[in-house]
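Encoded as structure tokens, the structure appears first; notes follow it.
As a basis for the values below, the full set of heavy atoms in this structure was taken, side chains included, without hydrogen atoms, waters or symmetry mates. Letters A, B, ... mirror the listed sequences (proteins, then strands); counts begin at 1.
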Amino acid sequence: MSWRGSVWGCLPNFYTGERNYSHNSPSEFYSSLGSEGFSIGDTSGTDEEDTDSAILYGTLRGSIVGLRYYTGVVNNNEMVALQREPNNPYDKNAVKVNNVNGDQVGHIKKELAAALAGIMDNKLAVVEGVVPYGAKNVFTMPVQMSFWGREENKEAVLDQLKMHGFKLAPPLKEYGFGSKWISGKNGPTYSAPVHAAVHLTAEQLKSEFDKLFEDLKEDDKTCEMEGAEAVGTLLLPHQKQALAWMVSRENSNDLPPFWEERNNFYYNILTNFAVKERPKNVLGGILADDMGLGKTLTTIALILTNFQDGKPLPVEKITSDKICRFFFIIMLLYEKSLFLLYEESSNTVEPGVSSVKKLEAIPLKFSGCHLKRYVSGMIFVFLLVCTASIQSAEKKYSEDNPRTTLIICPLSVLSNWIDQFEQHTSQDFHLNVYIYYGSDRNKDPAILSDQDVVLTTYNILATDYGVSKYDSPLHKIKWLRIVLDEGHTIRNPNAQQTKAVLSLEAHRRWVLTGTPIQNSVKDLWSLISFLKLKPFTDREWWHRTIQRPVTMGTPGGLRRLQSLIKSITLRRTKTSKVKGKPILELPERKVLIQHVTLTEEERQVYQSVKKEGKAAINRFFSEGTVLAHYADILGVLLRLRQLCCHPHLCTNTSSSFSAAGNNTPEELRQMLVTKMKLVLSSGSDEECAVCLESLTLPVITHCAHVFCKPCIYEVIRSEQPNASCPLCRNELRVEHLVECPLEEELDSSNGKKDDQEWISSSKINALMHALIELRKENPTTKCLVVSQFTTFLSLIENPLKKSGFAFTRLDGSMAQKKRVEAIQCFQSSQAGSPTIMLLSLKAGGVGLNLTAASRVFLMDPAWNPAAEDQCFDRCHRLGQKYNVIITKFIVKDSVEENMLKIQNKKRELAAGAFATKKPSASEIKQTKINEIKALIDL
DNA sequence: ACCGCCGGGTGCC
DNA sequence: ACCGCCGGGTGCC
């Protein structure tokens with residue numbers, strides 16, 4: 001395939017039709033969950049504790065008045081929403097009542113409204129309503145209200161009500177969580193309230209959720225479908241299944257989940273809402289296959305295969321395209337006297353797609369000025385006709401029948417999408433893919449909606465939207481299809497990017513994610529809301545009908561969720577089977593450990609550093625200050641690990657043991673920053689002791705412990721006024737937290753490598769020996785040489801050059817453009833392409849594909865075995881043709897050997913830990929201490 | 001609303 | 001009668 005070039009971009013634009021840019025902002029009215037008030041940043045999580053820990057205070061019968069002034073209708077037993085209306089000109093206490101659809105039904109009678117106003121405004125409780133009977137009344141109808149809130153607010157709520165002469169009744173038998181699963185002819189019946197039900201822990205939930213998918217592995221989703229002609233790659237059986245499922249979802253006319261047709265009305269069996277018009281199902285869903293099963297490829301196949309009425313996307317055949325280009329080039333040749341023309345893609349922007357293609361130099365010379373003018377004149381007329389017809393043909397797709405698919409992905413996988421489009425689109429077809437990224441992105445909606453595919457990132461989308469909701473080009477277009485890659489990115493409903501995504505318009509909607517649920521069911525809301533499944537687009541209905549029943553363990557709650565998931569999700573894991581065969585048959589993967597013995601000199605340096613460090617750490621132990629010196633200890637270990645690799649790595653020995661008192665605040669800050677950088681760069685892959693995930697937005701405390709900023713803020717908030725460090729119980733204050741200054745080079749020792757003369761090391765010798773042997777065996781075998789220390793990789797470059805190896809390099813510090821080049825270069829099978837890639841352990845996102853390599857040399861062990869495994873998976877994945885052999889170099893009698901032992905322990909833990917609970921801070925502390933002891937032989 | 005409430009009309013039986 | 005009672009007008013917040 002080829003990229004939309006400037007040749008096309010320069011064509012006059014004949015399409016001037018005005019579009020009706022309508023905006024459909026998500027209903028934002030339900031903010032009474034008590035969750036909007038507190039938010040500590042974009043990381044999802046803590047802000048909704050309130051709703052999860054809500055209890056039912058009791059119920060109250062009231063009345064809805066003014067029915068005849070509004071159009072909203074309800075059924076008996078239908079849920080209604082209560083919404084404050086502080087700007088009502090007649091009563092500042094007014095409380096509106098809306099039906100599930102958001103149409104106003106009436107108001108709460110004023111005396112009751114006066115009592116509710118304070119409760120609702122101060123978020124003391126969430127008030128929910130159901131109309132028990134009298135739904136057909138003309139003037140007023142009853143409403144059964146239930147009050148939910150946190151335990152500590154219960155008294156305040158009861159007092160407020162009492163002041164206005166109201167008293168809550170205990171939870172009613174007849175009122176619960178909506179109707180039962182299937183309602184009978186006599187109207188729905190209700191499940192008993194489940195106040196006593198046990199709240200599920202996050203872990204229980206997670207394992208429950210994993211069960212959700214078990215049943216849908218071998219469903220009726222086993223139909224296969226071939227991709228259209230323009231798909232240049234043969235699909236694997238499970239991908240054909242996914243394609244068939246996606247196509248059927250897009251062309252389906254089924255009712256959405258939980259809707260039933262009953263005597264010409266459509267009922268939602270969860271809320272009892274009814275409408276005359278058939279509710280629309282989402283033409284799309286969630287593709288939740290495990291990583292590596294080819295979600296990207298399947299999606300590309302979908303784009304090419306299912307355009308309209310089940311027909312493939314009418315992509316341009318490359319031939320006609322070439323003719324047009326040819327004429328256009330001639331015209332340019334004349335007009336601008338160009339003899340060399342580069343067709344530079346106008347969409348080649350930051351991520352650095354190498355889509356610059358050199359066209360043949362055409363040294364054309366015309367004789368005679370008149371002839372030239374004549375010829376070019378004719379060509380110009382021809383082109384006008386040509387483009388006019390093309391433009392009018394495209395216009396057909398631009399209004400009600402859009403042709404464009406919008407793909408939104410994290411920046412880290414943007415280049416992967418570009419590669420995959422290139423790889424999987426047949427050579428004979430020209431697919432217009434516009435990369436909407438970079439400061440020079442084209443914001444003309446007419447251009448964007450003429451593409452086949454527009455590819456962008458969550459950040460760009462959120463940025464445009466943040467500047468102006470109404471000028472954001474992506475929001476001016478109604479897309480044929482939107483695909484959210486790594487869709488769980490939008491799990492935080494308060495994040496700007498989530499809001500930006502939710503307000504996009506499209507006919508078809510897809511979410512791709514390997515982990516639809518990261519932490520809890522509430523992660524799903526943004527996804528479901530994006531899919532526009534009524535009535536869940538509104539947080540209140542999602543919460544009342546799904547989230548609360550599930551988290552409170554209401555009977556049927558999980559079943560309800562399962563039913564929802566099942567109807568819109570396809571998920572296969574690496575171990576799933578198609579027709580009895582495993583989905584993926586990957587070649588074998590072997591891990592060898594190659595022991596290395598240090599030379600006498602190396603050993604001496606190592607021992608002396610070890611002796612010194614061990615003494616210091618011993619001192620910390622006897623003083624009981626191990627955790628206070630955690631960063632220092634990591635520093636000692638880091639130096640030892642570096643010495644195992646190469647003596648030159650260990651240059652910044654600026655011993656920071658001198659934590660002595662009389663420092664200026666600035667010195668203290670600098671010291672903390674240094675320590676934090678040490679922790680972050682030590683490759684220890686430190687987890688945040690609060691969330692137990694890897695650090696996001698790391699900050700360091702005065703006691704030198706590193707946490708995620710949002711996590712530690714939450715600790716301080718919840719323990720106020722006197723918060724203490726979760727690890728060492730020292731005083732903790734927001735103003736004492738030090739943030740990590742901009743992510744510059746987080747490399748441990750990136751200094752004076754040039755002024756030192758190059759020397760080898762035992763490990764380098766071992767590597768070179770292995771590489772040269774391998775080359776003798778088979779000179780085309782490609783290898784990854786992996787280290788956590790980029791400086792080490794630089795040192796390895798030298799002997800590689802000397803021995804005549806062609807190599808390339810990929811590390812975290814490289815610009816996106818360079819990375820893409822390095823990857824493409826390495827993956828190429830051309831003769832002379834590099835056979836070695838120097839790879840930093842953590843470089844690249846999950847999508848990084850280095851299947852050209854079948855050998856891996858891991859130069860130094862990682863703390864976290866998962867990080868190693870992830871790295872191996874970059875070549876041991878779909879597309880790998882050979883058995884993969886991994887060689888780990890481990891220095892005998894060193895910290896590295898001890899690290900291996902710890903790795904094994906961690907592996908065992910991870911394997912058995914599926915259903916076990918999260919360890920506490922003190923357990924983490926103990927684990928860390930034990931690790932330190934084991935590492936330094938204490 | 002086949003109600004409640006309001007306020008004007010009215011006033012023995 | 002500074003009441004009761006009647007019956008018409010009226011009706012969310």
Starting from P on dC12(C), measure out to OH on Tyr70(A) and report it in whole angstrom.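 Tyr70(A) atom OH is separated from dC12(C) atom P by 9 Å.
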Can you measure Arg84(A) atom CZ to dC12(C) atom C1' for me and round it to whole angstrom units?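 Value for this atom pair: 15 Å.
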Side-chain donor or acceptor of Asp91(A) under 3.5 Å from a matching atom on the base of dC13(C)?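 No pair found.
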By side-chain contact (heavy atoms from CB on, under 4.5 Å), which residues pair with [X], not counting sequence neighbours?
{"X": "Asn153(A)", "answer": "Tyr57(A), Leu124(A), Arg150(A)"}
{"X": "Tyr69(A)", "answer": "none"}
{"X": "Ser526(A)", "answer": "Ile490(A), Pro493(A), Thr498(A)"}
{"X": "Asp254(A)", "answer": "Ser252(A), Asn281(A)"}

Could you list the residues that satisfy ring-ring contact (aromatic ring centres under 6.0 Å, His included) with Tyr70(A), not counting sequence neighbours?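 Partners of Tyr70(A) by the ring-ring contact (aromatic ring centres under 6.0 Å, His included) criterion, ordered by chain and then number, come out as His107(A).
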Can you list every pair that meets salt bridge (charged side-chain N to carboxylate O under 4.0 Å, His left out) and has a residue in residues 83-104 of chain A, with sequence neighbours left out?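 As it turns out, the salt bridge (charged side-chain N to carboxylate O under 4.0 Å, His left out) pairs with a partner in residues 83-104 of chain A, which skip direct neighbours, are Arg84(A)-Asp121(A).
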Show me the donor-acceptor pairs within less than 3.5 Å that the side chains of residues 159-169 of chain A make with the rest of the protein, sequence neighbours left out.
| from | atom 1 | to | atom 2 | distance (Å) |
| --- | --- | --- | --- | --- |
| His164(A) | ND1 | Gln160(A) | O | 3.1 |

By a strict heavy-atom criterion of less than 4.0 Å, which residues belonging to residues 159-166 of chain A are in contact with DNA chain C?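 Residues of residues 159-166 of chain A that come under 4.0 Å of DNA chain C do not exist, since none gets that close.
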Just to be sure I understand the geometry, which residues of residues 106-115 of chain A put a non-hydrogen atom under 4.0 Å away from DNA chain C?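 Close to the strand are His107(A), Ile108(A), Lys109(A), Lys110(A).
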Using the C1' atom in both, what is the distance from dA1(C) to dC6(C), to the nearest Å?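 Roughly 15 Å separates the two C1' atoms.
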Nearest-angstrom distance, C1' atom, dC2(B) to dC13(C):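 Approximately 26 Å lies between the C1' atom of dC2(B) and that of dC13(C).
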Nucleotide N/O of nucleotides 1-3 of chain B paired with protein N/O under 3.5 Å:
| from | atom 1 | to | atom 2 | distance (Å) |
| --- | --- | --- | --- | --- |
| dA1(B) | N1 | Arg68(A) | NH2 | 3.4 |

Glu128(A) vs Arg548(A), salt bridge (charged side-chain N to carboxylate O under 4.0 Å, His left out): CA-CA, chis, key distance, verdict: CA-CA 13 Å; Glu128(A) 296 178 348; Arg548(A) 189 166 55 215; 2.6 Å; yes
Answer yes when Asp464(A) and Lys443(A) have at least one side-chain N-carboxylate O distance shorter than 4.0 Å, and no when they do not.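 So Asp464(A) pairs with Lys443(A) through a salt bridge.
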With sequence neighbours excluded, tell me which residues meet salt bridge (Lys or Arg N to Asp or Glu O under 4.0 Å) with Arg249(A).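 Arg249(A) satisfies salt bridge (Lys or Arg N to Asp or Glu O under 4.0 Å) with no other residue.
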If we require ring centres under 5.5 Å and near-parallel planes under 30°, does Tyr69(A) stack on dC12(C)?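 So Tyr69(A) counts as stacking on the base.
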Partners meeting side-chain hydrogen bond (donor to acceptor under 3.5 Å, both in side chains) with Arg733(A) (sequence neighbours left out):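 Once residues adjacent in sequence are excluded, the partners of Arg733(A) under the side-chain hydrogen bond (donor to acceptor under 3.5 Å, both in side chains) criterion are Glu731(A), Glu735(A).
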